[in-house]
Amino acid sequence: MSVFDRRFVVAGLLAMPAGRASAQGSEFSGELTASHSLPVIKIVILNASGVQRQAIALIDTGSASCLVEQSIPKELGLVQAGSEEALTHDGKRTDPLYSCQFRFPDGHSFDLQAAARPMQTAALSFDAIIGMSLLRYYDVRIKALERLVTLRWLGA
């Protein structure tokens with residue numbers, strides 16, 4: 001199988017129960033929780049020294065860049081690489097940028113600078129947001145009725 005044919009399929013998981021997800025080759029699947037049908041995948045976030053953490057990341061085609069939850073830079077000892085000004089639903093804000101790496105379930109890794117923002121609320125909880133800066137390398141399909149997210153590697 002060529003790298004261009006590799007696929008991984010992820011049903012969005014806000015909490016992945018043990019034994020509910022399976023991995024066969026580059027295929028990944030699981031179930032959405034009953035109360036949420038948002039497109040999320042499991043990734044790994046790493047610092048420059050290789051310290052890593054499992055993360056639940058929202059697929060956000062409306063976001064230009066990637067974000068991490070504000071507690072992750074301290075937890076992983078990420079190095080601040082500047083700041084970013086952004087226009088959000090509640091106005092203009094400036095967030096710190098941190099150098100890190102996102103590793104996807106299909107094995108592809110991306111070195112990037114991600115803004116840190118709060119993402120933990122009573123209703124939703126994410127560790128990261130994956131925006132178009134990384135999604136442009138994938139064919140992204142969201143099948144809401146099937147509660148399924150499919151990402152197929154297109155190449156760099």
Side-chain angles (χ1 to χ4, degrees), residues 7-16 21 28-156:
R7 291 177 181 227
F8 63 95
V9 179
V10 185
L13 301 171
L14 294 180
M16 184 181 288
F28 296 81
S29 63
E31 296 177 17
L32 289 166
T33 62
S35 59
H36 301 288
S37 59
L38 298 172
V40 295
I41 65 171
K42 284 183 107 174
I43 65 169
V44 175
I45 301 173
L46 300 94
N47 71 10
S49 301
V51 176
Q52 62 185 13
R53 165 192 205 287
Q54 296 288 322
I56 300 297
L58 175 70
I59 301 293
D60 187 353
T61 59
S63 177
S65 57
C66 298
L67 310 168
V68 294
E69 205 289 319
Q70 68 183 1
S71 65
I72 290 177
K74 184 177 181 183
E75 179 183 335
L76 290 178
L78 299 179
V79 176
Q80 187 169 347
S83 62
E84 173 181 78
E85 199 168 273
L87 187 59
T88 67
H89 68 283
D90 55 351
K92 198 181 219 181
R93 62 181 293 143
T94 301
D95 298 307
L97 285 173
Y98 293 92
S99 296
C100 62
Q101 185 179 91
F102 282 11
R103 184 177 302 147
F104 280 40
D106 65 352
H108 288 95
S109 293
F110 302 92
D111 293 318
L112 63 132
Q113 292 182 351
R117 291 194 194 149
M119 292 185 217
Q120 307 291 328
T121 68
L124 299 172
S125 178
F126 305 111
D127 301 308
I129 292 178
I130 300 171
M132 290 306 296
S133 61
L134 297 186
L135 294 176
R136 66 188 173 119
Y137 298 110
Y138 290 91
D139 175 33
V140 179
R141 296 176 190 223
I142 300 170
K143 296 180 179 181
L145 292 177
E146 295 176 36
R147 301 167 65 99
L148 192 65
V149 176
T150 304
L151 294 159
R152 183 174 54 89
W153 177 252
L154 296 174

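Here the structure is a predicted model, which is why all the values come from computation and not from measurement.
When side chains are defined from C-beta on, Leu151 counts as touching Ile59, because their heavy atoms get closer than 4.5 Å. In this structure, Tyr98 and Asn47 have side chains that are not in contact, with every pair of non-hydrogen atoms separated by 4.5 Å or more. At a threshold of 4.5 Å between non-hydrogen side-chain atoms, the residues Ile45 and Ile72 count as touching. Proximity of Ile130 to Ile41: side-chain heavy atoms (C-beta onward) are separated by under 4.5 Å at one or more points. Side-chain contact check for Leu112 versus Gln101: every heavy-atom pair is 4.5 Å or farther apart. Taking the side chain as every heavy atom from C-beta outward, Phe104 and Val44 never approach each other to under 4.5 Å. For the pair Glu69/Arg117, no side-chain contact is recorded, criterion being any heavy-atom separation below 4.5 Å from C-beta on. Side chains of Arg103 and Gln52 form a contact here, defined as non-hydrogen atoms less than 4.5 Å apart.
For the pair Phe102 and Leu134, the tightest heavy-atom approach, listed with the atom from each and the gap, is CD2-CD1, 3.9 Å. Between Pro39 and Val149, the closest heavy-atom pair is CB-CG2, 3.4 Å. Between Asp127 and Ala55, the closest heavy-atom pair is OD2-CA, 3.3 Å. Residues Gly131 and Cys66 come closest through the heavy atom pair N-SG, 3.6 Å. The minimum heavy-atom distance between Val68 and Ala114, with the atom names listed, is CG1-CB, 4.0 Å. Nearest heavy atom pair, residue Leu154 against residue Arg136, reads CD1-O, 4.3 Å.
Atoms OG1 and CD, from Thr94 and Glu84 in turn, are 9.5 Å apart once rounded to the nearest 0.5 Å. The OG atom of Ser133 sits 11.0 Å away from the CD atom of Gln113 when rounded to the nearest 0.5 Å. In this structure, the separation between CG on Leu38 and CG on Asp60 is 10.0 Å, given to the nearest 0.5 Å. Remark: Leu148 CG to Lys143 NZ distance equals 6.5 Å, nearest 0.5 Å. Note that NZ of Lys74 and CG of Leu76 are 13.0 Å apart. Values are rounded to the nearest 0.5 Å.
No donor-acceptor pair under 3.5 Å is formed between the side chain of Ser49 and the backbone N or O of Val51.
Side-chain contact annotation: Asp106 with Tyr138, donor-acceptor N/O pair under 3.5 Å present.
The local environment of CZ in Arg93 is crowded, with over 12 non-hydrogen atoms from other residues, nucleotides or ligands closer than 6.0 Å.
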Inset, instruction - Decide side chain to side chain contact (heavy atoms under 4.5 Å, CB included) for Leu67 and Met119; before the verdict, give the C-alpha distance in whole Å, the side-chain angles of both, and the deciding distance to 0.1 Å. - result: CA-CA 9 Å; Leu67 310 168; Met119 292 185 217; 3.4 Å; yes
